[in-house]
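In what follows, a single structure is set out as structure tokens and then discussed.
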Amino acid sequence: MKELLIFDLDGLLLDTEKIYFDGWLALFKDHNIPLSAEDISSWRGQSWQQTADQLAQVVGGHERVMALRAEREGFIEAQLMNGTLQMKPYAKETLLLARKKGFITALATSTMKERAAKLLPHFDLLACFDYLTFGDDVAAHKPDPAPYVRTLALADKTAAQALVMEDSLLGALAATRAGIEVVLIPDQSFQTTYTEAQKAGLNLYAETDSLQFVYDLLQADQL
């Protein structure tokens, strides 16, 4: 039986990845930066630091990256405030049901605290978690298992007692390296699919297209 349910944030609970994508695309066009939609897509699931290091090589260093990031944060906040940025279907319902059923719930995300401090309260999600791990809580980021190892330690649970919900291969690999089973839910805002070769070696509990799958398992007491 599982006791600890661990959720990613971007692309799983919140429909943020498309907003991030659109923000970068508009920014690069405005500043004539030679990066494409394919380049941006390749960053999905990475931490901000990982993305920043790659971007710095193109734009001439981290100082300019930080200026671009500040501009993009304004775009993201505008999308949040005007209602464009929304929760994923069954996100809050699944979290609330998990807690009602007595599960420990945790968040393990590459998102930094500064941004999460705006996102989580906006959607009234803070109270849905017993434990929180952000990108700046760990020295290494997904696909390194550090975020999940930290979460297991906080909850005082073993890998066998936990189940991770992830949308990205990097996140699923991080969970696998921590010894935890994964429900892989590719981000449908991009109509994402993963090949069998890409999924090879992952410790998959299941693959599905919506958090409704987890909700239904909870409803049926099958976790």
Side-chain angles (χ1 to χ4, degrees), residues 2-17 19-20 43-53 69 73 76 80 85 87-88 90-92 94-99 101-187 202-205 211 214 218 223:
K2 303 301 182 183
E3 299 179 29
L4 169 63
L5 303 184
I6 311 174
F7 296 82
D8 180 42
L9 183 62
D10 292 323
L12 181 86
L13 295 176
L14 300 183
D15 200 7
T16 45
E17 293 288 3
I19 301 296
Y20 298 165
W43 300 341
R44 204 170 303 145
Q46 293 185 357
S47 70
W48 161 245
Q49 190 57 58
Q50 291 166 325
T51 301
D53 289 343
R69 181 175 187 260
E73 287 299 313
I76 294 168
L80 180 66
L85 200 166
M87 280 190 289
K88 288 286 193 179
Y90 283 88
K92 197 166 190 178
T94 300
L95 289 167
L96 292 175
L97 182 58
R99 295 179 69 77
K101 295 282 187 176
F103 287 89
I104 300 168
T105 54
L107 182 74
T109 175
S110 296
T111 300
M112 298 298 173
K113 289 179 186 176
E114 179 184 4
R115 180 182 294 158
K118 298 175 183 177
L119 294 173
L120 294 174
H122 182 86
F123 293 105
D124 196 24
L125 289 178
L126 276 174
C128 293
F129 299 105
D130 297 292
Y131 302 103
L132 301 166
T133 294
F134 301 110
D136 33 2
D137 287 324
V138 289
H141 300 101
K142 303 173 185 179
D144 191 281
Y148 289 117
V149 171
R150 181 180 189 271
T151 303
L152 290 175
L154 288 172
D156 193 25
K157 296 298 178 184
T158 66
Q161 293 171 311
L163 183 66
V164 162
M165 272 54 69
E166 271 281 0
D167 67 293
S168 73
L169 288 175
L170 291 179
L173 182 55
T176 296
R177 289 173 173 173
I180 310 173
E181 288 186 300
V182 187
V183 176
L184 183 60
I185 308 173
D187 191 345
L202 294 179
N203 190 14
L204 285 182
Y205 181 92
L211 278 165
V214 181
L218 289 166
L223 281 180

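- Heavy atoms only, all atoms of each residue included: L4 and A155 are closest at CD2-CB, 3.8 Å.
- Here the side chains of I104 and K157 are in contact, with some heavy-atom distance below 4.5 Å.
- The CG atom of L211 sits 10.5 Å away from the OH atom of Y90 when rounded to the nearest 0.5 Å.
- Figure legend: R69 and Y20 shown without cation-pi pairing, the cationic atom not lying both under 6.0 angstrom from the six-membered ring centre and within 45 degrees of its axis.
- A side chain to side chain donor-acceptor pair (under 3.5 Å) with T111 holds for exactly one of D136, D10, D8; it is D10.
- You'll find the side chain of T94 reaches within 4.5 Å of the side chain of L218, heavy atoms only.
- A side-chain hydrogen bond (donor to acceptor under 3.5 Å, both in side chains) check over residues 160-175, counting only residues at least two apart or in different chains, returns the pairs E3-Q161, K142-E166, Y148-E166, T158-Q161.
- Rounded to the nearest 0.5 angstrom, D15 CG and L85 CG are separated by 7.0 Å.
- Of all the heavy atoms in P143 and L173, the pair that sits closest is CB-CD2, 3.7 Å.
- Side-chain N or O atoms of T105 include one that pairs as donor or acceptor with a backbone N or O of C128 at under 3.5 Å.
- Counting all heavy atoms, side chain and backbone alike, T51 lies closest to W43 at CG2-CE3, 3.5 Å.
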*Decide side-chain hydrogen bond (donor to acceptor under 3.5 Å, both in side chains) for N203 and T176; before the verdict, give the C-alpha distance in whole Å, the side-chain angles of both, and the deciding distance to 0.1 Å.*
CA-CA 5 Å; N203 190 14; T176 296; 5.6 Å; no

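- Contact annotation: the side chain of M87 approaches that of F123 to within less than 4.5 Å [non-hydrogen atoms, C-beta and beyond].
- Taking all atoms of both residues into account, the shortest heavy-atom contact from A140 to A146 is O-CB, 3.6 Å.
- Under the 3.5 Å distance criterion, the side-chain polar atoms of R150 are left unmatched by any main-chain donor or acceptor of V138.
- A side chain to side chain contact (heavy atoms under 4.5 Å, CB included) with L119 is found for exactly one of T109, L80, L13, namely L80.
- In this structure a side-chain-to-backbone donor-acceptor pair under 3.5 Å is present from H141 to G135.
- Around CD of E114, the count of heavy atoms belonging to other residues, nucleotides or ligands within 6.0 Å does not exceed 12.
- With rounding to the nearest 0.5 angstrom, the OG atom of S110 is 11.0 Å from the CG atom of D137.
- Here the side chains of V214 and M165 are in contact, with some heavy-atom distance below 4.5 Å.
- Scored by the salt bridge (Lys or Arg N to Asp or Glu O under 4.0 Å) test, E181 finds K2 as partners (sequence neighbours excluded).
- With rounding to the nearest 0.5 Å, the separation of CG in L120 from CG in L107 is 6.0 Å.
- Remark: D156 engages no residue in a salt bridge (Lys or Arg N to Asp or Glu O under 4.0 Å) (not counting sequence neighbours).
- The two residues L152 and A178 come nearest to each other via the heavy atoms CD1-O, 4.3 Å.
- Between I180 and A159 the shortest heavy-atom distance is CG1-CB, 3.9 Å.
- To the nearest 0.5 Å, atom CZ of residue F129 and atom CZ of residue R99 are 9.0 Å apart.
- L126 has its side chain within reach of L132: a pair of non-hydrogen atoms, C-beta onward, lies under 4.5 Å apart.
- Separating the CG atom in L9 from the OG1 atom in T133 is a distance of 12.5 Å, to the nearest 0.5 Å.
- Between the side chain of D124 and the main chain of P121, no donor-acceptor pair closer than 3.5 Å is present.
- L163 places none of its side-chain heavy atoms less than 4.5 Å from the side chain of I6.
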